[in-house]
Protein chains: 2
Amino acid sequence: MTEIDTTGTRELAKALVGLSHHVLHMFNDIGRGHDLTAQQTELVCAVIVRDRVRMSDLGKVMHLEKSNLSGLVDRTEKRGLIMRRRDPEDRRVTYVELTEEGRQVATSTHCEVTRRLNDLVAQLPAEVQLSLTEVVEKITES
Amino acid sequence: MTEIDTTGTRELAKALVGLSHHVLHMFNDIGRGHDLTAQQTELVCAVIVRDRVRMSDLGKVMHLEKSNLSGLVDRTEKRGLIMRRRDPEDRRVTYVELTEEGRQVATSTHCEVTRRLNDLVAQLPAEVQLSLTEVVEKITES
DNA sequence: TATTGTTATACTCTATAACTATA
DNA sequence: TATAGTTATAGAGTATAACAATA
């Protein structure tokens, strides 16, 4: 553990925190144009890439307690972007689906999210991108 | 723009969002052990690595509006971890400093934050770490 | 009994704007 | 006038626990 190592990891730590803010702040920026909060933006993006999702799965993806997700889904439903639908085969389960307006907004915002993240990592060398993807997937699946 | 490229960037995008949640969630986890919110944890960490900081600089680092920072500093001050001090040379400026308890808590939490971020990236090859640090610093300084 | 989701409560956080004090 | 910070307000997000319905 040399001086240089310590400094290096400290810098990387700071960079990672900055990156995380930057990424989650993006949802804020992008949502604002559609009169959505960051969480609502992330919610519709999470739904559109999965088409139809259980509440419980959304909670895992978005790191939200079920009660908090309930509230977020309430507000986004009131905003007219999503709908709840009961699973007739297991009536404990609720699916979240996009409305017509929701689909439009989600398509547009998700497109912009992807584009911006793309721009963000385009500056990284290809092998860093690959390595990063692999490691992050391993890390975040736990 | 081949199929593979598209899939690759989509995976990386998903990974980045996951990573960001993971990182900011860490502050939550770590803070909980000290009866701190995620924002309070990040605040004391941001202060300890800078010793004494202006409100305005804290706002930039933490991506907070000045009014929101004011509230966060209020709550953290009430919690007994920080103090405000006026700059006698420019009385518009307020510095945030740690109290004795704040210094202890901040040392402990910052240490754990660094350790966990360290574990997080330890799986990346050294040159990837370096490259990542450089690029992310460039990205987030804007 | 375990799982899925809702409701209730109290608090923190956020966005916006109007404000005070200093330079 | 510009800058640094506070206050006020309304809404959104969060943690926790108790609850209802289904399996």
Side-chain angles (χ1 to χ4, degrees), chain A residues 20-21 24-44 46-47 52-79 81-97, chain B residues 20-21 24-44 46-47 52-79 81-97:
Chain A
S20 302
H21 276 297
L24 294 184
H25 212 72
M26 257 184 29
F27 284 100
N28 211 313
D29 271 5
I30 294 170
R32 171 168 288 136
H34 299 273
D35 191 33
L36 295 179
T37 65
Q39 280 79 359
Q40 288 173 346
T41 307
E42 207 183 333
L43 174 59
V44 295
V47 175
R52 213 175 70 143
V53 214
R54 292 171 172 226
M55 295 283 288
S56 54
D57 289 335
L58 272 179
K60 280 172 205 153
V61 171
M62 296 183 66
H63 285 91
L64 289 177
E65 288 297 319
K66 56 190 179 175
S67 65
N68 300 331
L69 179 61
S70 242
L72 177 59
V73 168
D74 281 350
R75 291 184 293 276
T76 313
E77 196 170 23
K78 204 171 290 174
R79 172 72 179 70
L81 302 185
I82 57 176
M83 285 161 31
R84 281 181 239 236
R85 191 184 304 277
R86 272 279 169 74
D87 181 346
E89 298 187 3
D90 181 345
R91 295 186 41 76
R92 293 172 302 181
V93 172
T94 299
Y95 286 101
V96 177
E97 298 174 15
Chain B
S20 302
H21 277 297
L24 294 184
H25 213 72
M26 258 183 30
F27 285 100
N28 211 312
D29 272 6
I30 294 171
R32 170 168 290 137
H34 299 273
D35 192 32
L36 295 179
T37 65
Q39 281 78 359
Q40 289 173 347
T41 308
E42 206 183 333
L43 174 60
V44 294
V47 176
R52 210 174 72 142
V53 215
R54 292 172 172 226
M55 295 283 289
S56 53
D57 289 335
L58 272 179
K60 281 172 203 153
V61 171
M62 297 183 65
H63 285 93
L64 288 177
E65 288 296 320
K66 54 189 179 174
S67 65
N68 299 331
L69 179 61
S70 240
L72 176 59
V73 168
D74 282 348
R75 291 185 293 274
T76 313
E77 196 170 23
K78 206 171 288 173
R79 171 74 179 69
L81 302 184
I82 59 177
M83 285 161 31
R84 280 181 240 235
R85 191 183 305 277
R86 273 280 169 74
D87 181 346
E89 298 187 4
D90 181 345
R91 296 184 40 76
R92 292 173 302 182
V93 172
T94 299
Y95 286 101
V96 177
E97 297 174 14

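Computed from a predicted structure; not experimentally measured. Here is how names work: the chains are called A, B, and so on, in the same order as the sequence lines, proteins then strands, and each is numbered from 1.
- The only option from B/Thr94, B/Val53, B/Leu72, B/Leu64 that meets the side-chain contact (heavy atoms from CB on, under 4.5 Å) definition with B/Leu58 turns out to be B/Val53.
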Nucleotides 1-11 of chain D: protein proximity per nucleotide (B base, S sugar-phosphate only, - neither; heavy atom, under 4.0 Å) | --BSBBBB---

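- In this structure, A/Val96 and A/Met55 approach most closely via the heavy-atom pair CG2-SD, 3.6 Å.
- With rounding to whole Å, A/Glu42 atom CD is found 15 Å from D/dA12 atom C1'.
- The CE atom of B/Met26 sits 9.5 Å away from the CD atom of B/Glu42 when rounded to the nearest 0.5 Å.
- The line from CD of B/Gln39 to CG of B/Leu69 is 11.5 Å long, rounded to the nearest 0.5 Å.
- The distance between atom CD of A/Glu65 and atom P of D/dA12, rounded to the nearest whole Å, is 21 Å.
- Between A/Asp87 atom CG and C/dT3 atom C1' the separation is 13 Å, expressed in whole Å.
- Across the protein-nucleic acid pair, A/Leu58 atom CG and C/dG5 atom P stand 9 Å apart, rounded to whole Å.
- A/Ile82 contributes atom CD1, which lies 15.5 Å from atom OH of A/Tyr95 (distance to the nearest 0.5 angstrom).
- Contacts between residues 32-41 of chain B and DNA chain C, counted as heavy-atom distances below 4.0 Å, involve B/Thr37, B/Gln39.
- Across all strands shown, A/Asn28 has heavy atoms under 4.0 Å from sugar-phosphate atoms exclusively, and none from any base.
- Nucleotide C/dT7 holds its C1' atom 15 Å from the CD atom of A/Glu77, rounded to whole Å.
- Whole-Å rounding puts the A/Leu72 CG to C/dG5 C1' distance at 15 Å.
- Distance, A/Leu64 CG to D/dA12 C1': 12 Å, rounded to whole Å.
- The structure places NZ of B/Lys60 at 15.0 Å from CE of B/Met62, a figure rounded to the nearest 0.5 Å.
- Heavy-atom minimum distance, A/Thr41 versus A/Gly31: OG1-CA, 3.2 Å.
- One distance of note links CZ of B/Arg79 with CG of B/Leu43; it measures 12.0 Å at 0.5 Å rounding.
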Tabulate below the donor-acceptor pairs under 3.5 Å that side-chain atoms of residues 84-91 of chain A make, not counting sequence neighbours, or state none.
from, atom 1, to, atom 2, distance (Å)
A/Arg84, NE, A/Glu77, OE1, 3.2
A/Arg84, NH2, A/Asp74, OD1, 2.1
A/Arg84, NH2, A/Glu77, OE1, 3.4
A/Arg85, NE, A/Glu97, OE1, 3.3
A/Arg85, NE, A/Glu97, OE2, 2.8
A/Arg85, NH2, A/Glu97, OE1, 3.2
A/Arg86, NE, A/Arg91, O, 3.4
A/Asp87, OD1, A/Glu89, N, 2.8
A/Asp90, OD1, A/Arg92, N, 3.1
A/Asp90, OD1, A/Arg92, NE, 3.2
A/Asp90, OD2, A/Arg92, NH2, 3.1

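- One can place CZ of B/Arg79 at 15 Å from C1' of C/dC11, the figure rounded to the nearest angstrom.
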